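In what follows, a single structure is set out as structure tokens and then discussed.
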Amino acid sequence: MAEISLTLPDQSVRVVPAGTTGREVAESISQGLARKAIAYKLGDKTLDMALPIPASGEFRIITPSNEDPDALYVLRHSCAHVLAEAVCDLFPGTRLAYGPPVEEGFYYDLASPKPISGDDFPAIEKRMAEIIKENRPFTRCEVSSEEGLRRTEGDKYKNDNAVRAITRGDSVISFYATGAPGTNWEDLCAGPHVPSTGYLKAFKILSVAGAYWHGDQTSDQLTRIYGICFADKAGLESHLTFLEEAKKRDHRRLGKELDLFHIEDHSPGMVFWHPKGAHLYNALRNHVRNVISKRGYLEVITPEIVDKSLWIKSGHADKYNENMFITRSGDREMAVKPMNCPCHIEIFNQGLKSWRDLPMRLAEFGKCHRNELAGTMHGLMRVRGFVQDDAHIFCTEDQIASEVRDFCTLVRDIYADFGFQIAKVKFSTRPEKRIGSDELWDKAEQALSEATAAAGLETILNPGEGAFYGPKLEFVLKDCLGRDWQCGTIQVDFNLPIRLGATYVGQDNQKHHPVMLHRAALGSIERFCGILIEEYAGDFPLWLAPTQVRVLPISEKFSEYAEKVRSTLSESGIRVEVDGSNEKIGYKIRQGEQHKIPYLLIVGEKEAQSELISVRKRKDGDQGQVSLDEFMNVFKLCTPDTNRS
RNA sequence: GCCGAAGUAGCUCAGCUGGUAGAGCAGCUGAUUUGUAAUCAGCUGGUCGUAGGUUCGAUUCCUAUCUUCGGCUCCA
């Protein structure tokens, strides 16, 4: 075929001779566009400007833009090459492994002859800036797969990459030289890249860390250097500001500043909740309690330490052993529970259950302990001791769909109470390490799949990531900084009820095993607290704020009136304290603002005489004088439901 | 668990190549009695993560270990 037709973004169609390059098309549109262009897109494939357009289709010229993921992808990929070249220059003997762009920037995995640290960043960045200033072209060079293998011979990582590309079905292997092939630095790479290094206008190296070759723990340990690249300086600056903002919101920092919790060296991954943090924790728990009790859940309480025999029966001793804390009582080996499910089955098993009892929804704010690998802990987000807002729904197969649907509604509602939405739902299927027959897994996955369809849920497949007893849905929410958090989950389990002998008498007067749905909406209270601390940056909404009001007497002369205000508010159930310190009002206000207290009430001579208070709202400042009764109206609307739309 | 970095007063941090530690804030005491984001002065406070080792002498050098941080992996 001698011609190809391209559909441009404005839906106009352009017919060009076969073999026309992206650059030629750009030039035919405008010289300015051709100058700015960094790559072109045909369908869902992004290609170098210099490459002939391989076929007809949707066609788009990519120009640098912080809003265009395709543009950022190309810029970051090219920037990764420049980083790698700079490191090779500065650390001779460096062997390169893999350097892709990622959503948050790019990285390059490499093995350097000596360790690279943050101290080396300025030198690396300087060298990168030089390479960019030289404005050398990215030159693509394609060779046959045999030639590709020959060229990478002896280079463990690159050869492996080439082998993988060939296994994937690539017929040619491409290399990119930054400049002239054979003279300048080059790297095995599929591309695409910007036309030349000068297109990289704004970059920064962010961090260095270890990573495994192919993410395999048993394989080589590599050095991973993270960087970021944007279309322009403004984009880079705003991203750096974003990182600063995230740092300021870090729940570990705020937890200390706001006196919410701490973690001790002697109990890694276990949280000591201080009074203010414990309030937050209990408020969350009580909120969930209110929500689920209206939806037919029954709360139970079960032991935290259970004899090993139960864990053997349930399969935990076999499939979950390395995560369990083992303890001993005389000759008995016990384990601290990592999950509540076996205990809930034990409750279900008490007495004879009828089909009329189903669905039975047993809930527990059960404290679980999991001996997570050292090095995986992270503040409240990943701990070893935590409470789930857990429940197990015992039901029939016919009830799975409606229970899954109801739970989705519950998750949606409860996220909305905090201003969150479900960002996506992942569908995790059978893992390698599992109990139960494949037939049972087929059935469970099928049932969950049908239930999600019935609930109208779009899911993303997450193969091999299910629980060891059943497939699961994972509800992911996005916080105000756009970060994903996995919180809620529901899992379909045909296995544990069988293993632990749970039965009910059906309408046919026969005994049947119920299906068990494991589910949690917030996930762990600890993690959810961490997410909320970061989401609100410590500025908790009134209903959650550990201290809602602080009364600030102008001087000690008005401490009596301040105390009267405090006790009146306190009797109405408002969480209030008095700052009776011998400080000037400016200092007390500063303290109150720093402690992120929603309302500061200033009381001095004027207020004491007129029986009023001066209200100062967090962040908004002076609100003027009002009566106490009027002020207390604010708290009548102070419930999570006001967040729900 | 793996790679890299770090651990000094309640907090944030300084302390060059070895000679037993400093600042700011916080705390305490006193003065001041204050009107919308820091009043002043004085004082207290650390066996420098832990355990060994080298040395006349270790916060500093070495080894081990624990914890934290950044990642990998894993996950609620």
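All values derive from a computational prediction rather than experimental measurement. Below, chains carry the letters A, B, ... as their sequence lines are ordered, and counting in each starts from 1.
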Base, sugar-phosphate, or nothing for [X], non-hydrogen atoms under 4.0 angstrom?
X	result
G375(A)	base
C487(A)	sugar-phosphate
S614(A)	base
I585(A)	sugar-phosphate
E605(A)	base
E556(A)	base
Q486(A)	sugar-phosphate

Which nucleotide sits closest to the side chain of [X]: [options]?
X	options	result
K557(A)	U34(B), G1(B), G35(B)	U34(B)
R224(A)	A37(B), G35(B), G71(B)	G71(B)
K256(A)	G70(B), G1(B), U12(B)	U12(B)
N582(A)	C75(B), U33(B), G35(B)	U33(B)
P268(A)	C74(B), G35(B), U67(B)	U67(B)
R252(A)	G70(B), U73(B), A76(B)	G70(B)
E474(A)	C74(B), U36(B), A76(B)	A76(B)
R382(A)	U34(B), U36(B), C74(B)	C74(B)
F386(A)	U36(B), A76(B), U39(B)	A76(B)
E372(A)	A76(B), G70(B), U34(B)	A76(B)

Is the ring pair F272(A)/H262(A) parallel, tilted or perpendicular, if the boundaries are 30 and 60 degrees? parallel
Residue matched to [N] through Watson-Crick or wobble contacts both under 3.5 angstrom:
N	answer
U63(B)	A51(B)
C11(B)	G24(B)
C72(B)	G1(B)
U29(B)	A41(B)
C56(B)	G19(B)
U34(B)	none

Less than 4.0 angstrom from a charged side-chain N to a carboxylate O is my criterion; do E432(A) and R434(A) meet it? no
Salt-bridged, E445(A) to R430(A), with N to O below 4.0 Å? yes
Using atom [atom1] of each nucleotide, how far apart are [N] and [M] to the nearest Å?
N	M	atom1	answer
A21(B)	G49(B)	P	15 Å
G24(B)	A14(B)	C1'	11 Å
C2(B)	A64(B)	P	13 Å
G53(B)	A58(B)	P	11 Å
C61(B)	G15(B)	P	13 Å
G52(B)	U60(B)	P	14 Å
U34(B)	U39(B)	P	15 Å
C48(B)	U20(B)	C1'	10 Å

Stacking check: are the rings of Y226(A) and G71(B) less than 5.5 Å apart at their centres and under 30 degrees in tilt? no
Once you round to the nearest 0.5 Å, how far does CD1 of I345(A) lie from CE of M516(A)? 3.5 Å
Kindly say if [X] contacts the phosphate of [N], meaning a side-chain N or O under 4.0 Å from OP1 or OP2.
X	N	answer
K472(A)	A76(B)	yes
K584(A)	C40(B)	no
H378(A)	G70(B)	yes
Y320(A)	C74(B)	no

Heavy-atom nearest nucleotide on RNA chain B taken for Q388(A) and for I554(A); more 5' hit belongs to I554(A)
Would you mind telling me which residue lines up with the more 5' stretch of RNA chain B, H266(A) or E526(A), judged by nearest nucleotide? H266(A)
Can you confirm whether or not the ring centre of [X] sits under 6.0 Å from the ring centre of [Y]?
X	Y	result
F418(A)	F528(A)	yes
F261(A)	H274(A)	no
Y226(A)	F106(A)	no

Measure from CE on M324(A) to P on C75(B) and round the result to the nearest Å. 16 Å
Taking atom types as they are modelled, is there a donor-acceptor pair under 3.5 Å from the base of G35(B) to the side chain of E607(A)? yes
Within the modelled atom types, does a donor on one side and an acceptor on the other bring the side chain of R527(A) and the base of C75(B) under 3.5 Å apart? yes
Counting heavy atoms not belonging to E245(A), are there more than 12 under 6.0 Å from its CD? yes
